[in-house]
Amino acid sequence: MIEYINQGSKDTRSGFGAGLTELGRTNPNVVALCADLIGSLKMDQFIEENPERFFQIGIAEANMIGIAAGLTIGGKIPFTGTFANFSTGRVYDQIRQSIAYSDKNVKICASHAGVTLGEDGATHQILEDIGLMKMLPGMTVINTCDYNQTKAATIAIADFEGPVYLRFGRPSVANFTPVDQKFEVGKGILLQEGSDVTIVATGHLVWEALEAAKILNDQGIKAEVINIHTIKPLDDEIILKSVAKTGCVVTAEEHNYLGGLGESVARVLSLNHPVPQEFIATQDTFGESGTPAQLMEKYGLNKDAIVSATQKVIKRK
Amino acid sequence: MQTQYSLEQIVSQVRRDILRMVHKVNSGHPGGSLGCTEFLVCLYNEVMDLKEGFDMDGINEDVFFLSNGHISPVFYSVLAHRGYFPVEELNTFRLINSRLQGHPTTHEGLPGIRMASGSLGQGLSVALGAAQAKKLNKDSHLVYTLLGDGELQEGQNWEAIMYAAGKKVDNIIATIDLNEKQIDGPTDVVMPMGDLSAKFISFGWDVLTVEDGNDLSQITAALKEAKSKTGKGKPICILLKTEMGNGVDFMMNTHAWHGKAPNDEQLESALAQNPETLGDY
């Protein structure tokens with residue numbers, strides 16, 4: 001087994017902030033917008049270095065989405081920053097008409113996604129955003145797993161033409177992917193080779209999947225672990241190649257099972273290579289207050305849940 | 001290249017186009033289109049500084065955003081006669097496989113359209129973004145936008161109105177089509193909006209009111225005055241008092257023609273009131 005080392009836990013949103021700072025230094029067309037959450041989105045450094053390229057919109061997300069769409073006319077590459085809930089559900093029609101249908105090159109960058117936002121509770125813990133965004137024609141949907149990958153993805157999407165939804169989170173999590181990785185939109189990453197089960201994970205669940213694979217290995221189960229950072233367009237090939245070998249799948253995400261990664265994977269499998277699948281996801285529920293670890297456990301989103309799901313799915317083969 | 005026709009001649013032809021377009025497909029929005037015909041003809045043929053070639057990159061030229069996208073017939077006709085696309089294409093309005101969708105969109109690549117509109121309340125925000133991009137690009141050209149008055153009931157507008165003044169976006173001229181009518185009746189009955197001039201002024205805008213928004217000379221004068229007020233730290237609003245259905249007697253003084261096409265007889269009567277000038281498509 002490949003041993004993945006946590007280089008020191010960090011929050012993925014800080015990876016976004018670091019990526020944005022680098023873009024500020026390297027790409028003069030990148031502009032940033034925020035709706036009164038600069039500190040939470042870690043945009044301070046970009047703003048300090050590029051005050052003329054930053055637009056504070058105030059608590060007015062609909063207006064922010066429209067202004068971002070307009071900024072593209074004239075060649076700017078706008079990055080909007082607010083919480084995932086306010087980045088998607090609150091402004092769905094603005095994104096649909098002014099960005100997606102209008103083919104605008106806007107990067108919607110969303111922090112505090114999922115239950116790991118923690119104590120603020122369900123009003124802020126969106127678990128439906130991946131579904132909302134992936135249903136929009138032409139929208140690319142990315143959910144990164146750690147600090148390094150979020151930084152790399154932030155930098156990469158500036159050169160990727162078209163609207164992108166980049167989803168990341170609030171808590172400090174293991175930082176284990178390479179520092180200077182090349183981020184390829186739409187390309188899954190094979191993290192661990194195995195022959196008994198394919199674990200397809202996204203976002204914060206990728207590290208949990210690697211931890212689960214270690215436990216499973218001790219039980220004599222060889223798990224293949226794939227990091228799907230891009231949920232749309234989905235890397236069908238890497239998934240199909242893996243299930244051809246393992247014959248079953250566990251998908252893992254910090255999102256409702258309705259509309260999430262699991263459903264996208266299920267579609268690929270049913271069209272090409274039907275195999276048993278188990279879904280690690282929230283079960284059509286809102287979240288609640290608590291610490292991120294408590295919530296991940298209560299909503300069945302941690303390594304232990306992945307281990308149980310794997311044992312179950314293997315029996316169904 | 002500026003057209004050799006007078007604004008009056010273009011207005012008459014655009015009205016004919018609107019009527020024939022909506023009649024052919026028995027759908028579309030003639031009332032608001034006719035009410036804004038003089039304004040858009042004047043804006044595109046007399047006021048805006050446009051690059052010839054219509055490359056649509058939006059740099060070093062004035063740009064316009066139609067927020068109340070349902071008046072697409074007038075927008076399409078004005079754009080076609082200005083040279084953005086062949087006039088004959090008006091014949092495809094609302095038909096399948098057409099670039100002239102029911103509501104304007106960039107999606108089919110129709111030159112002249114810079115954003116999709118139809119879901120109301122979004123145009124002013126997009127126009128503000130374009131205005132900010134112009135400032136970043138040190139492009140001294142202006143951004144124009146047109147909104148319906150009923151559309152101001154959408155809350156996003158007031159986010160944008162606050163932003164524009166608060167952030168001193170002074171390279172934008174937003175015109176409100178003040179016809180005082182919306183689908184369900186007079187705006188004062190459906191949702192009274194009070195004194196719009198006072199509202200814009202209190203938000204920090206410079207406001208001009210055009211008493212007859214269907215009078216070409218009043219429109220031209222107002223747009224020129226509005227241009228002279230740009231670059232002074234305040235966004236500019238023109239309250240354009242228009243008559244819905246203007247130029248067709250039976251479509252005026254009512255909201256009945258907001259989204260209704262004329263029948264054969266009504267079309268004949270309407271066309272008789274608006275002579276063919278540039279040639280029907």
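Within every chain, numbering begins at 1; the chains are lettered A, B, ... in the order of the sequence lines, protein sequences first and strands thereafter. Computation of the quantities below employed the complete heavy-atom set of this structure, encompassing side-chain atoms and omitting hydrogens, waters and symmetry-equivalent molecules.
A donor-acceptor pair under 3.5 Å is absent between the side-chain atoms of B/Asp57 and the main chain of A/Gly74, judged by distance alone. No donor-acceptor pair under 3.5 Å is formed between the side chain of B/Ser125 and the backbone N or O of A/Ile67.
Comparing A/Gln94, A/Met64, A/Lys76 by heavy-atom pairs within less than 4.5 Å of chain B, the highest count is held by A/Gln94. Across A/Gly138, A/Pro78, A/Ala60, the residue that shares the most heavy-atom pairs under 4.5 angstrom with chain B is A/Ala60. Most heavy-atom pairs under 4.5 Å with chain A, from the set B/Gly166, B/Gly121, B/Gly118, B/Ser119: that is B/Ser119. Per-residue counts of heavy-atom pairs under 4.5 Å with chain A were compared for B/Gly123, B/Ala160, B/Ala131, B/Gly155; the largest is that of B/Ala160.
Within 6.0 Å of NZ in A/Lys187 there are 12 or fewer heavy atoms belonging to other residues, nucleotides or ligands. Counting non-hydrogen atoms of neighbouring residues, nucleotides and ligands closer than 6.0 angstrom, the CD atom of B/Glu108 exceeds 12 such neighbours. Taking a 6.0 Å sphere around CE of B/Met193, one finds it holds more than 12 heavy atoms contributed by other residues, nucleotides or ligands. When the shell of 6.0 Å around CZ of A/Arg53 is examined, it contains more than 12 heavy atoms from other residues, nucleotides or ligands. Around the CZ atom of A/Phe286, the shell of radius 6.0 Å holds no more than 12 heavy atoms that belong to other residues, nucleotides or ligands. Within 6.0 Å of the NZ atom in B/Lys168, the count of heavy atoms belonging to other residues, nucleotides or ligands does not exceed 12. Atom CG of B/Leu95 is surrounded by more than 12 heavy atoms from other residues, nucleotides or ligands within 6.0 Å.
Atom CG of residue B/Leu136 and atom CD of residue A/Glu52 lie 7.0 Å apart, to the nearest 0.5 angstrom. Atom CD1 of A/Ile65 is separated from atom CD of B/Gln156 by 9.5 Å, given to the nearest 0.5 angstrom. Of the inter-residue distances, the one linking A/Ser102 atom OG with B/Gln122 atom CD reads 8.0 Å to the nearest 0.5 angstrom. In this structure, the separation between CG on B/Leu128 and CG on A/Asn63 is 6.5 Å, given to the nearest 0.5 Å. Going from atom CG of A/Asn29 over to atom CG of B/Asn137 covers 8.0 Å, rounded to the nearest 0.5 Å.
Neither the backbone nor the side chain of B/Ala127 comes within contact range of chain A; no heavy atoms are under 4.5 Å apart. Heavy atoms of B/Glu61 lying under 4.5 Å from chain A are absent altogether. Using a 4.5 Å cut-off between heavy atoms, B/Lys134 makes no contact with chain A at all.
With sequence neighbours excluded, the residues forming a salt bridge (charged side-chain N to carboxylate O under 4.0 Å, His left out) with A/Arg90 are A/Glu61, listed by chain and number. Shown here are the salt bridge (charged side-chain N to carboxylate O under 4.0 Å, His left out) partners of A/Lys104, two or more places apart in sequence or in another chain: there are none.
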Practice task
Test side-chain contact (heavy atoms from CB on, under 4.5 Å) on A/Ile73 and B/Phe65 and set out the steps.
Solution key: CA-CA 11 Å; A/Ile73 298 160; B/Phe65 297 93; 3.4 Å; yes
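The two residues B/Ser117 and A/Gln97 come nearest to each other via the heavy atoms CA-NE2, 3.5 Å. Here the closest non-hydrogen pair linking B/His107 and A/Tyr101 is ND1-O, 3.3 Å.
Put simply, the side chain of A/Ile57 does not reach to within 4.5 Å of the side chain of B/Lys167, judged on heavy atoms.
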